[in-house]
S.K.: 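Structure incoming, see below.
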Amino acid sequence: MACSTHLLYPAAARGHLRFQARPAAAASPSVRLGSGTSRRRALGLRVAASAEQGRRQVEVEYDLQAKFNKLADQIDQNAGITRLNLFSPCKINVFLRITGKRPDGFHDLASLFHIIKALNLYRKKTGTDNFFWIHLDKKVPTGAGLGGGSSNAATALWAANQFSGCIASEKELQEWSGEIGSDIPFFFSQGAAYCTGRGEIVEDIRNPLPANLPMVLVKPPEACSTAEVYKTSQTDPLVLLKEITENGISQDVCVNDLEPPAFEVLPSLKRLKKRIIAANRGDYDAVFMSGSGSTIVGIGSPDPPAFVYDDDDYKDTFVSEACFLTRNENEWYREPISSKITSEEDLPPEVASVSD
């Protein structure tokens, strides 16, 4: 596989992971440290002396919150970093060419499993025994071809390394992450990369596309099976990369070898792409499917065609504006300010909390 992958900020799909470190000694299932006070309770012991008859009265007060607050304060004093709130972006494949068939098959996992596998991998590689409480506000839809779960795993690895004093280099994190997912290494690039192998060989490239290039993401509720849509192509992907770098985005260079088999699996996705192209009045420079689907990307405008809102067939469709992102070395991605951000009330997130 060879592809040009670019990092995205989808406004309606802005997801965050909040991490809190907890000591190895507190790693039992009965202890979970979080940022909310509702998770902090403790058994308090109050002793009162009675002068009458010289007896001591012992009153047991059930106050877990006070105990855990005290424990959290002790952790804060003994560690350099105990809490992180990180932005977890997604990606699109500007082009994707399948150059050869591999015997090993990698498939998407649910985001929480991505995160747990990432943290287990970090402990295995570094020998650390740090455990974490994680709160995930997930808005990147699953089965979209946007790498949401892979982004969550990469963010978890980066956070674990921060909590542990950055004992691993970003290069090591990138190499390790390929063991648990094909898309994860890309997120340790600087935001634009040429990826080969099964996606784990990442070559940073200067972003050939302007950061302010608008686009829209349109994903129907149906998802594509990754295993069913992979086929082989003989076209040299370096030709596409050169064309994009020199001349920018066009319909001719946004080629995804997974589109034809994906459209066989999900004919409604083919109809959606055709309708977007037919409704295009010069707004989009290119319309294509990202990854193995089922997200259709329109480059050139942040607005979807009107039929996406008006047609009942698309009432459950995920729609978001998006923009390209980059990052500096040893810094994580930052959420940009969008002029058309969908409010929290407009799109409730998929929220999950877990202690690994």
Side-chain angles (χ1 to χ4, degrees), residues 1-6 8 10 13 90-102 105-108 140-150 182-183 195 198-199 215-237 239-240 243-244 249-281 283-301 303-320 322:
M1 181 183 76
C3 62
S4 176
T5 309
H6 296 256
L8 280 187
C90 66
K91 58 86 182 174
I92 63 167
N93 303 101
V94 176
F95 67 79
L96 194 155
R97 311 250 71 176
I98 306 301
T99 57
K101 187 175 181 180
R102 299 174 58 94
F106 275 69
H107 305 280
D108 286 339
V140 175
T142 59
L146 298 175
S150 297
S182 300
D183 283 340
C195 304
R198 54 178 171 80
M215 73 187 77
V216 65
L217 310 178
V218 182
K219 184 208 172 293
E222 299 84 9
C224 290
S225 168
T226 301
E228 291 185 52
V229 300
Y230 269 80
K231 304 290 183 180
T232 302
S233 170
Q234 301 300 321
T235 306
D236 186 357
V239 173
L240 298 176
E243 179 67 21
I244 292 174
I249 286 287
S250 70
Q251 190 66 54
D252 290 338
V253 297
C254 293
V255 179
N256 186 341
D257 287 339
L258 301 185
E259 277 193 9
F263 291 165
E264 290 181 12
V265 173
L266 200 60
S268 60
L269 189 60
K270 181 178 182 178
R271 291 194 296 270
L272 173 60
K273 180 186 175 182
K274 284 187 172 182
R275 289 194 65 177
I276 293 175
I277 293 175
N280 182 21
R281 299 179 179 178
D283 295 330
Y284 305 123
D285 300 317
V287 177
F288 56 91
M289 186 183 77
S290 178
S292 59
S294 57
T295 297
I296 301 296
V297 181
I299 300 286
S301 172
D303 301 313
F307 76 82
V308 174
Y309 293 125
D310 298 338
D311 195 323
D312 286 343
D313 289 341
Y314 300 103
K315 63 181 180 179
D316 296 323
T317 296
F318 170 88
V319 178
S320 177

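What you see below is based on every heavy atom in this structure, not just the backbone, and it leaves out hydrogens, waters and symmetry mates. Numbering of residues begins at 1 and proceeds along the displayed sequence.
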S.K.: Determine the sole option in Ile276, Ile277, Leu217 for which the side chain to side chain contact (heavy atoms under 4.5 Å, CB included) test with Ile296 is passed.
M.R.: Ile276

S.K.: Holding to salt bridge (charged side-chain N to carboxylate O under 4.0 Å, His left out), I want the full list of residues that pass it with Lys270, two or more places apart in sequence or in another chain.
M.R.: none

S.K.: What is the minimum heavy-atom distance between Ser292 and Ala262, and which atoms define it?
M.R.: O-CB, 4.4 Å

S.K.: Enter the distance from Phe263:CZ to Asn256:CG here, rounded to the nearest 0.5 Å.
M.R.: 8.0 Å

S.K.: In the structure I gave you, are the side-chain heavy atoms of Pro221 and Thr317 within less than 4.5 Å of one another anywhere?
M.R.: yes

S.K.: Would you name the heavy atoms of Ala144 and Thr295 that are closest together and state the gap between them?
M.R.: O-OG1, 2.8 Å

S.K.: Is there a side-chain contact between Val218 and Leu272 in this structure, where contact means two heavy atoms from C-beta onward sitting under 4.5 Å apart?
M.R.: yes

S.K.: For Val140 versus Gly148, what's the shortest heavy-atom pair and its separation?
M.R.: CG1-CA, 3.8 Å

S.K.: Can you give me the closest heavy-atom contact between Glu259 and Met289, atom names plus distance?
M.R.: OE2-N, 2.8 Å

S.K.: Between Tyr314 and Val319, does the side chain to side chain contact (heavy atoms under 4.5 Å, CB included) criterion hold? Intermediate values first, please.
M.R.: CA-CA 10 Å; Tyr314 300 103; Val319 178; over 6 Å; no

S.K.: Shortest non-hydrogen contact from Met215 to Val297?
M.R.: SD-CG1, 4.2 Å

S.K.: May I ask you to test the Val94-Cys254 pair for a side-chain heavy-atom distance under 4.5 Å?
M.R.: yes

S.K.: I need the Ser290 OG to Lys91 NZ distance, nearest 0.5 Å.
M.R.: 4.5 Å

S.K.: If every non-hydrogen atom of Leu269 is compared with every non-hydrogen atom of Ser294, which pair is closest and at what distance?
M.R.: CD1-O, 3.3 Å

S.K.: Between Ser301 and Val216, is any pair of side-chain heavy atoms under 4.5 Å apart?
M.R.: no

S.K.: Roughly how far, to the nearest 0.5 Å, is the CG atom of Asp303 from the OH atom of Tyr284?
M.R.: 6.5 Å

S.K.: Kindly compute the distance separating CD1 (Ile92) from CG (Leu146), expressed to the nearest 0.5 Å.
M.R.: 8.5 Å

S.K.: Report the residues that fulfil salt bridge (charged side-chain N to carboxylate O under 4.0 Å, His left out) with Asp311, sequence neighbours left out, ordered by chain and then residue number.
M.R.: Arg275

